[in-house]
J.: 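Attaching a single structure in structure tokens format; questions to follow.
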Amino acid sequence: MDTVQTIEALRARLRGYRRADRSIGFVPTMGALHEGHLSLMRQAVGANDLTVASVFVNPTQFGPGEDFEAYPRRLQDDRAQMAEAGVDVLFAPDEGEMYPPGSELKLYLPELSSMLEGVARPTHFHGVTLVVAKLLNIVQPTRLYLGQKDYQQSVIVRRMMQELFFESELYVGPTVREADGLALSSRNTYLTAEQRRQAPLLYQCLRSVREHAQQFQRPEAAQQWVYEQFKQAPAFQLDYFELRNARDLSPVDALRPAQEPVALIAAYMGKTRLLDNMFLFDPPQATR
Ligand code: PAF
């Protein structure tokens with residue numbers, strides 16, 4: 001596996017593939033890889049002639065007081081795991097490469113970015129949209145791979161790609177979970193042993209709402225039930241539990257397949273923000 005740190009070197013490495021019209025798969029990450037990232041990489045390796053993965057802890061998607069400094073950085077381990085997964089090229093730029101002095105471009109979707117995660121993290125998706133657009137423009141992949149775990153991110157990136165006419169196809173890979181259901185996340189390492197023991201409550205609530213969607217019928221009933229569960233779990237501070245349309249994240253008014261509902265949940269355990277989501281019925285094609 002090659003490691004390149006500059007845009008120029010990456011473009012030189014990819015030029016031959018583009019000219020020969022060979023497919024390029026791309027998995028952007030912030031490193032601290034886990035099985036969720038690696039499953040996307042294996043998927044990309046199986047479906048493309050060449051697979052590029054990036055590691056860049058993107059400063060513009062962290063708000064003031066968030067964990068930019070503390071975010072785990074383990075490039076040597078990441079590199080070994082990527083090579084093992086079959087990745088061909090690791091792109092690991094520094095901040096100056098992605099945001100040269102004088103950079104001032106802003107790129108965001110005001111509505112999609114201000115709901116759900118955007119309430120607690122008002123500028124988070126601005127940074128995500130900007131960096132993913134930059135990366136797509138640099139790599140120009142045939143296929144881009146993101147995880148379903150960050151569901152709102154995948155909806156926002158899909159919309160950004162449509163509005164900017166990016167040609168790449170977006171593949172959203174299923175959330176990879178621990179045996180007890182906790183969604184894998186690089187931030188799970190922040191949890192204490194006791195918090196880790198209780199953390200699967202998010203998944204358990206999503207599962208129950210999915211299993212009992214017919215009985216709940218209405219989103220408010222499901223919401224009420226989830227709030228009750230979290231009232232009995234003082235280690236958590238529930239931020240939201242919402243039922244939204246899987247394509248555009250608009251509110252749904254009934255838990256029926258035709259409304260394509262996805263349940264989204266976010267809760268704090270101490271300072272650690274945990275996220276999860278689940279389709280209540282089979283996922284709509286355009287969200288996979
Ligand atoms: O999901 C992530 O790890 C990041 O938001 C991404 C897509 C790599 C952009 O920095």
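Note that ligands are numbered from 1 as they come in the structure, with each ligand's atoms numbered from 1 the same way. On a predicted model such as this, the values are computed, not experimentally measured, just so you know.
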J.: To the closest 0.5 Å, what do you measure between CG (Asp88) and CZ (Arg13)?
T.: 6.5 Å
J.: Report the part of Val157 (side chain from C-beta onward, or backbone N, CA, C, O) that has a heavy atom under 4.0 Å from ligand 1; answer both or neither where that applies.
T.: neither
J.: Ring-plane angle category for Phe230 and Phe236, please: parallel below 30°, perpendicular beyond 60°, tilted otherwise.
T.: perpendicular
J.: Which atoms of ligand 1 sit under 4.0 Å from any heavy atom of Val131?
T.: 9 (C), 10 (O)
J.: Taking only heavy atoms of Gln61, which atoms of ligand 1 are found under 4.0 Å from at least one of them?
T.: 4 (C), 5 (O), 9 (C), 10 (O)
J.: With a 4.5 Å heavy-atom cut-off, do Arg244 and Pro251 have their side chains touching?
T.: yes
J.: Enumerate the atoms of ligand 1 whose separation from the nearest heavy atom of Gln153 is less than 4.0 angstrom.
T.: 1 (O), 2 (C), 4 (C), 5 (O), 7 (C)
J.: Does the gap between the ring centers of Phe279 and Tyr151 come in under 6.0 Å?
T.: yes
